[in-house]
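Please read the structure below before turning to the comments.
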Amino acid sequence: MTLLQEELLIINVDNLMKLNLKIPEYQRPYRWSSSSTNTLFTDTYEAFKSKINEYRLGSVILHKSKNSNSQVYDYNLVDGQQRTTTLSILLYALGEDSQVLLNEEYKPSSQNSINNNYTLLQKRVNELQDDERVSYKKYLKENCTVVKIVTDSEQEAFQFFDSQNSRGKALKPQDLLKSYHLREMTRDPEELKIKLIFEWEDTNQNTLEELFSTYLYPVIRWFRNRDGLNYSSDKIQDFKGIKQVNTYNYAIYHKASNIFIEQVNSSGSSELLSSGELNQFQLTQPIIAGKRFFVWTLHYSVLLEQVKNKIDNYHNHNKDEIPDKRTGDIYIKQLYEASLMFFADRFGFDAIDDSIMHQLYTWCYSLRLKMKAIYPQTINKYARGQHDRINMGKDLFTLLSEMVDPQELKAVIMEKVGESDVQNNRYKTLYGLMKRWNGWK
């Protein structure tokens, strides 16, 4: 990858802040914790007190581009935005009012962190004597340094960001997926990229992490009867999908299918078919790399929320029917949500009727009745039809993936749970519900 060698430099914080720094729309909101902010202050202050000649703060990766309005070069922060913003807040607290970076339009979700960290840093700065404050600010600007890495290609900046972090501290899987799919968007207009990434980054990152680790990764593995445990940064292959340059027959088929559905939906032809907007995605089908990955993720985020609401409303928010106080209860509830999401994905949300709810509830909560303790390993075995306590051989996700009609699920006979099999009296309500629904004697 080609970097701008003349700009590959170690520069101090003062020179970094003199660049025309910009925060691209696709960047995530500023969310540095108060703990990280306090650590930055403490580390730089201790380096100052120890008279360390140069204190290295890490690296920043920048995408250099000419501003079409001003004809000057902007330096877009690809990596290092959180730390650089915090340095700007610290300098502002030290009396440096002209912080260019703080004039950027931050997302509304960034404001709380900016205000909280400014309050914290102002408090720490006020602990210093006047002369010490002046000396510390001079040290921060002149002796604290970063490695400046610059490219004039946005895609290359993301590629370098990806490769750097894969060798250093572990990134969250969704961060790696984000940079991977951004690199695949080489033919897409900047406006579309900004729109998709803004929606992606505006999504709560913990919710996004749970979506992949608790639901999407296990489900995609389980319907193939594979292990769905321990999702991590080195297990993201299932979400990389078909690359844009792939021209094998299967790849062309799936890409053409996506393009066709997009054209039908955008042209209004779906109204002529009286079908509403056509569903573009299936968990049993590969992802198309690039822009569609972001749409795919947001699609399943919405579907999961619909499923959760469906369960809450169907059971009238009854904690006796959907217990969630114990860890094992939460695992079972998540299995219920995952199975209903997979059904809705295959047959449509409208195909969910009372019988479907009863079947999926019975399959999931029969395990809760039979087991005193539930662990992720318990769920993983059961989902693959490998648990010897109940419903052995009923790998429901695989069975669903092979069904062509939602009515087929109703023909699956679940093993009966006897009253003496119930391991905990707190689950008598669950047992009574399943006994009534299934006609157990």
Side-chain angles (χ1 to χ4, degrees), residues 199 203 207 210-212 214-225 228 238-239 241-242 253-288 292-316 322 333-365 383 394-412 414 437:
E199 291 173 350
T203 303
T207 301
E210 183 188 50
L211 173 67
F212 280 93
T214 304
Y215 300 97
L216 296 178
Y217 178 74
V219 167
I220 286 174
R221 301 287 292 178
W222 288 338
F223 88 78
R224 299 172 184 150
N225 210 280
D238 287 316
F239 302 111
I242 297 173
Y253 170 80
H254 286 293
K255 285 192 281 188
S257 298
N258 274 263
I259 291 169
F260 173 75
I261 292 176
E262 288 166 355
Q263 289 176 344
V264 169
N265 287 338
S266 63
S267 68
S269 299
S270 57
E271 293 182 17
L272 297 176
L273 300 172
S274 300
S275 62
E277 196 166 273
L278 300 181
N279 180 52
Q280 185 174 349
F281 306 112
Q282 288 276 280
L283 288 171
T284 54
Q285 303 301 313
I287 300 165
I288 307 300
R292 292 177 182 88
F293 165 76
F294 298 100
V295 183
W296 182 92
T297 302
L298 291 169
H299 166 80
Y300 283 107
S301 177
V302 170
L303 179 59
L304 178 60
E305 193 62 31
Q306 288 178 316
V307 163
K308 288 182 176 182
N309 289 335
K310 174 75 174 178
I311 289 173
D312 286 343
N313 292 330
Y314 191 80
H315 295 278
N316 298 312
I322 307 291
K333 184 182 179 183
Q334 289 169 343
L335 180 65
Y336 187 24
E337 292 164 346
S339 61
L340 192 58
M341 181 181 73
F342 191 61
F343 178 90
D345 178 62
R346 186 157 185 83
F347 297 114
F349 202 80
D350 291 340
I352 302 171
D353 59 20
D354 287 349
S355 295
I356 297 300
M357 295 294 290
H358 297 174
Q359 276 287 77
L360 294 178
Y361 183 92
T362 299
W363 180 73
C364 295
Y365 281 91
K394 290 185 173 63
D395 46 344
L396 196 70
F397 290 92
T398 304
L399 293 173
L400 279 170
S401 73
E402 296 169 349
M403 292 177 185
V404 296
D405 189 296
Q407 300 302 315
E408 293 180 52
L409 178 60
K410 300 173 185 180
V412 177
M414 305 297 176
W437 284 346

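Note that these values count all heavy atoms, side chains included, but never hydrogens, waters or copies made by symmetry.
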Discussion item. Distance check, rounded to the nearest 0.5 Å: Ile287 atom CD1 versus Leu216 atom CG?
Written reply: 8.0 Å
Worksheet item: Between SG of Cys364 and CD of Gln334, what distance do you get to the nearest 0.5 Å?
Response: 11.5 Å
Item to complete: Answer whether the closest heavy-atom distance between the side chains of Ile352 and Gln306 falls below 4.5 Å.
Response: no
Practice prompt. State whether the side chain of Arg346 and the backbone N or O of Leu400 hold a donor-acceptor pair below 3.5 Å, judged by distance alone.
Written response: yes
Worksheet item: Do you know which of Leu303, Leu304, Thr297 makes side chain to side chain contact (heavy atoms under 4.5 Å, CB included) with Tyr300?
Response: Leu303
Discussion item. Looking at Asp405, I want to see if its CG is surrounded by more than 12 non-hydrogen atoms of other residues, nucleotides or ligands under 6.0 Å.
Written reply: yes
Worksheet, complete the sentence: Value for CG (Leu283) from OH (Tyr215), rounded to nearest 0.5 Å, stands at 13.5 Å
Fill in: Shortest non-hydrogen separation from Gly228 to Pro218 and the atoms involved
O-CG, 3.8 Å
Worksheet item: To the nearest 0.5 Å, how far apart are CD in Gln359 and CH2 in Trp437?
Response: 11.0 Å
Item to complete: Step by step, work out the ring-ring contact (aromatic ring centres under 6.0 Å, His included) result for Tyr336 and Tyr361.
Response: CA-CA 6 Å; Tyr336 187 24; Tyr361 183 92; 5.5 Å; yes
Response to the item:
Heavy-atom nearest pair, Val307 first then Met341, reads CG2-CA, 3.7 Å
Discussion item. Checking the side chain of Thr214 only, and the main-chain atoms of Leu211 only, is there a donor and an acceptor separated by less than 3.5 Å?
Written reply: no
Worksheet item: Do Arg292 and Ile259 come within less than 4.5 Å of each other through their side chains, counting heavy atoms only?
Response: yes
Discussion item. Just so I know, are the side chains of Phe397 and Asn225 near enough to count as touching, which here means a heavy-atom distance under 4.5 Å?
Written reply: no
Discussion item. Side chains of Phe342 and Leu396, heavy atoms from C-beta outward: is any pair under 4.5 Å?
Written reply: no
Worksheet item: Rounded to the nearest 0.5 Å, how far apart are CD of Glu408 and CG of Leu399?
Response: 10.0 Å
Worksheet item: Taking all atoms of both residues into account, what is the closest heavy-atom pair of Phe343 and Pro406, and its distance?
Response: CZ-CB, 3.6 Å
Worksheet entry | Ile288 and Trp296, any side-chain heavy atoms less than 4.5 Å apart | no
Practice prompt. Say whether, by atom type as modelled, one donor and one acceptor occur between the side chain of Asn265 and the main chain of Leu278 under 3.5 angstrom.
Written response: yes
Item to complete: Applying side chain to side chain contact (heavy atoms under 4.5 Å, CB included), run through Asp353 and Lys410 and close with a yes or a no.
Response: CA-CA 11 Å; Asp353 59 20; Lys410 300 173 185 180; 2.8 Å; yes
Discussion item. Please find the pair of heavy atoms, one from Asp345 and one from Phe281, that lie closest to each other, and give the distance.
Written reply: OD1-O, 3.7 Å
Practice prompt. Flag the pair Trp222 / Leu335 as yes when at least one side-chain heavy-atom distance between them is below 4.5 Å, and no otherwise.
Written response: yes
Worksheet item: With no hydrogens and no angle check, is any side-chain donor or acceptor of Ser401 less than 3.5 Å from a backbone partner on Thr398?
Response: yes
Worksheet item: Mind checking whether Leu409 and Phe347 have side chains closer than 4.5 Å, heavy atoms only?
Response: no
Worksheet item: Say you draw a straight line from OG1 of Thr207 to CD of Glu305; how long is it, rounded to the nearest 0.5 Å?
Response: 8.5 Å
Worksheet item: Any side-chain heavy-atom pair from His358 and Met414 closer than 4.5 angstrom?
Response: no
